[in-house]
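In this text the structure is predicted, and so the values were computed from the model without any measurement.
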Amino acid sequence: MNQFHAWRAARSKPATGFVSQPEPKSIGSFARGRQLIAGNFLFAGFLVEAPNTLIWDLDTPSSAFVEELHGFAWMDDLAAVGDINARMRVQDWIEVWMDRYARGTGPGWTPDLTGRRLIRWINHALFFLSGREAEVSNAFYQTLAQQTIFLSRRWQTASPGLPRFEALTGLIYAGLSLEGMEEHVSPAVTALAHECETQIDAEGGLPTRNPEELLEVFTLLTWAASALSEAGKIAEEAHLAAIERIAPTLRALRHSDGGLARFHGGGRGTEGRLDHALASSGNKVAPGEELHMGYLRLSAGRTSIIVDVASPPALESSFNAHASTLAFELTSGRRPLIVNCGAGASFGPDWRRAGRATPSHSTLGIEGFSSSRLGPKKIIGGHLREYLVDVPTDVRLERRVSEDGGGFVAGHNGYMRTHGLTHIRQIELSRDGRGIAGEDTLATITATDEAQFDRMMDRLKLQGIPFQVRFHLHPDVDAELDMGGSAVSMALKSGEVWVFRHDGRAKLSLERSVYLEKTRLKPRAAKQVVLSASAMDYATRVRWTLAKAQETPTTLRDLEMDDETLS
């Protein structure tokens, strides 16, 4: 099918040049660009060291690695370097790609990868074409035309969500930029507006509830709107309205250090990417008090807390969903303190499964169980995927406001079927942001719940139902268990010291943890504060506090004010 479309495209009148070229807006990494020039290829969590090796001749370790190669996002990194060595890599690698794959063969001919590739080729076309002979330039324009026509006929086959947004944005870019491709702009603009209406909800969120994915979609939408504006056209109302809805949601999901909350497969985002996207959008609307994509934000002073207070994504969107209901992350100033372990997909299937489980999140979990569990693999969107089942079906939230600060009480029924228990979490943040008081409760609600609890107790020979409340710490946090085991001191690199205490109803321990980042070669070692107890009655409660004991900023970075209204 791909070869057929490429052959048809080749027989079409090829593009002969650019009508207009959008100003490059993607942010590359100078350090990653230098690594590529040195022959260190880090993609999808794998490092391939192959100096003086063509990128297409690498011994690729995974399909995700291959996809990143054919998406050409690495062009941003080489363009960030911008010297002769970077230019030579771009020119050599594109020319060989055209020779090997331009006929529609190879793994790069999917709508989302083609859209991603078109955006980079157009953005950095002058970087590639400098000094190239006419034969190469003509082949380049013809290949761009082939990919554009392929996208015009195949974008519908991309999965809804980010893949389809990538495909349509690439098609709009190409239609606006290339001679002879203008006819594809209007249908793509209409299709993109439709996707905005169906995929971006009233809260400005995605069905996947993945904050980093929402940032990627937002970035694509702002790029497309800007490209249309620069070409003297206006994006459709639904497109612009989606940007207006998403911006406040991203601000709500932005910690005070500028990074995104890490939930449901998403990471913090590339350094500076979020603030740059928000600034480029021109939208300065602050987030309201309502939920944003199922997350609640609390902030006071220099402290921000973001909590997952909704059910995991529905079946069709749950491929990357985590069992993270009522988990939270906390950042103080520009330093993360409490985190979730993150997505482990780049480290293999075992880490991926581990990262999705409740124990990898800063919340309560019953030993041996997750608040949602992984079901058998099922074909979803043409792919065999592992999805969540037995998810919490009833997640309730009540906001609390007082003279001393604000907070919430929330609960979910993720353990009701198995244990007859509802998890209720209450967190209060002081007005100055220097103190957090928390309470986690496991309780039965109805007589039916009590009967299920009794059956589980009988199965465990009345020894109680063991559970843990976990607080995963960022790797940069230096934590120590105080003498007597009654408190944990946590020192941040900013000079701040936070102290964790509890009410004595649980055993306090400091244990090993991991911090999973897709830009790393392996998981980072970290620690976690754990409260361990057993539910013996129909209601078991554990109380804990976090308090800032010291604040002595040590760097200019930590003295900077956190002005989110500028983004």
*Would you call R89 and D77 a salt bridge, using N to O less than 4.0 angstrom?*
no

*Quick check: are there more than 12 heavy atoms from other residues, nucleotides or ligands sitting under 6.0 Å from CG of L47?*
yes

_Quick check: do E517 and R262 have side-chain heavy atoms less than 4.5 Å from each other?_
yes

*Pairwise distance NE2(H255) to OG(S332) - rounded to 0.5 angstrom*: 12.0 Å

_Can you confirm if the aromatic rings of H474 and Y515 lie within a centre distance of less than 6.0 Å?_
yes

*Test side-chain hydrogen bond (donor to acceptor under 3.5 Å, both in side chains) applied to S63 and E67, step by step*: CA-CA 6 Å; S63 59; E67 289 175 0; 5.0 Å; no

_Distance check, rounded to the nearest 0.5 Å: R273 atom CZ versus L260 atom CG?_
10.5 Å

*CZ/F140 to CZ/R132 distance, rounded to the nearest 0.5 angstrom?*
12.0 Å

*Donor + acceptor pair across side chains of E236, T190 (<3.5 Å)*: yes

*If we only count heavy atoms from C-beta on, is the V309 to L291 side-chain gap below 4.5 Å?*
yes

*asked:* Looking at R117 and G108, would you say the former's side chain and the latter's main chain have a donor-acceptor pair under 3.5 Å?
replied: yes

*Could you check Q35 against F30 for side-chain contact (heavy atoms from CB on, under 4.5 Å), going step by step and ending with a plain yes or no?*
CA-CA 9 Å; Q35 288 297 315; F30 179 86; over 6 Å; no

_Within 6.0 Å of CD in E244, more than 12 heavy atoms from elsewhere_ = yes

*Taking N320 as the fixed residue, which of H264, R352, R356 is the one that meets the side-chain hydrogen bond (donor to acceptor under 3.5 Å, both in side chains) rule?*
R352

*Separation of W155 CH2 from D112 CG (nearest 0.5 Å)*: 13.5 Å

*Pair D76, S26: side-chain N/O donor-acceptor within cut-off below 3.5 Å*: yes

*Mind listing the closest non-hydrogen atom pair of P313 and A321 along with its distance?*
CD-CB, 3.5 Å

*asked:* Between L228 and I234, is there a side-chain heavy-atom distance shorter than 4.5 Å?
replied: no

*Minimum heavy-atom distance P287-H292, with the two atoms named*: CB-NE2, 3.7 Å

_Minimum heavy-atom distance A327-N340, with the two atoms named_ = CB-OD1, 3.8 Å

*In terms of side-chain heavy atoms, does D308 have a donor or acceptor partner in T325 at a distance below 3.5 Å?*
no

*With a 4.0 Å cut-off, would you call R335 and D257 a salt bridge?*
no

*Just checking, is any N or O donor in the side chain of E133 or S137 under 3.5 Å from an acceptor N or O on the other one?*
no

_Evaluate I55 against W97 for side-chain contact (heavy atoms from CB on, under 4.5 Å), listing each step before the verdict._
CA-CA 10 Å; I55 197 170; W97 191 95; over 6 Å; no

*May I ask you to check whether over 12 heavy atoms, not counting those of E290, lie within 6.0 Å of atom CD?*
yes

*Locate the shortest heavy-atom distance separating V19 from L176; write the atom from each residue and the value.*
CB-O, 3.9 Å

_L220 side chain reached by I119 side chain, heavy atoms, under 4.5 Å_ = yes

*Should we say atom CD of E237 is surrounded by more than 12 heavy atoms from elsewhere, each under 6.0 Å from it?*
no

_Are the side chains of L516 and V514 in contact, using a 4.5 Å heavy-atom criterion?_
yes

*So, do F46 and L521 sit near enough that their side-chain heavy atoms are less than 4.5 Å apart?*
no

*asked:* More than 12 heavy atoms of other residues, nucleotides or ligands under 6.0 Å from CZ of R100: yes or no?
replied: yes

*Could you tell me how the ring of H70 sits relative to the ring of W56: parallel (under 30°), tilted (30 to 60°) or perpendicular (over 60°)?*
tilted

_Looking at every heavy atom in both P312 and V391, which two are closest together, and how far apart are they?_
CD-CB, 4.0 Å

*Step by step, work out the side-chain contact (heavy atoms from CB on, under 4.5 Å) result for E203 and I246.*
CA-CA 8 Å; E203 299 176 358; I246 295 174; over 6 Å; no

*Determine, stepwise, if the pair D201 / R209 fulfils salt bridge (Lys or Arg N to Asp or Glu O under 4.0 Å).*
CA-CA 11 Å; D201 63 23; R209 299 193 58 229; over 6 Å; no

*Pick from L151, L178, V185, N123: which one makes a side chain to side chain contact (heavy atoms under 4.5 Å, CB included) with Y173?*
N123

*Short side-chain to backbone donor-acceptor contact, S362 and I338, under 3.5 Å*: no

*Please confirm whether the backbone N or O of A50 pairs with a side-chain atom of T53, one donor and one acceptor, at under 3.5 Å?*
yes

_Suppose we call two aromatic rings close when their centres sit under 6.0 Å apart. Are Y141 and F18 close by that rule?_
yes

_H361-H472 side chain donor-acceptor pair, cut-off 3.5 Å_ = no

*asked:* Could you check whether atom CG of D57 has more than 12 heavy atoms from other residues, nucleotides or ligands sitting under 6.0 Å from it?
replied: yes

_Partner of F72 by ring pair (Phe, Tyr, Trp, His ring centres under 6.0 Å), out of F43, W121, W93, Y101_ = W121

*Find the distance between CG (D476) and CG (L337) and round it off to the nearest 0.5 Å.*
11.5 Å

*Just by modelled atom types, is the S281 backbone N or O under 3.5 Å from a matching donor or acceptor in the T222 side chain?*
no

*Is a side-chain donor or acceptor of R245 paired with a backbone partner of I200 at a separation under 3.5 angstrom?*
yes

*asked:* To the nearest 0.5 Å, what is the distance between CD on E166 and CG on L113?
replied: 7.5 Å

*For the pair E329 and R297, find out whether any cationic side-chain nitrogen is under 4.0 Å from an anionic carboxylate oxygen.*
no

*Can you name the nearest heavy-atom pair linking H239 to C196, along with the distance?*
CA-SG, 3.9 Å

*Would you say E68's side chain and V66's backbone share a donor-acceptor pair under 3.5 angstrom?*
no

*For residues F65 and V48, determine if any side-chain heavy atom of one lies less than 4.5 Å from a side-chain heavy atom of the other.*
yes

_Test log, rule side-chain contact (heavy atoms from CB on, under 4.5 Å), inputs L221 and E216_ = CA-CA 9 Å; L221 292 179; E216 294 297 326; over 6 Å; no

*Quick one: are H184 and I149 in side-chain contact, heavy atoms under 4.5 Å?*
yes

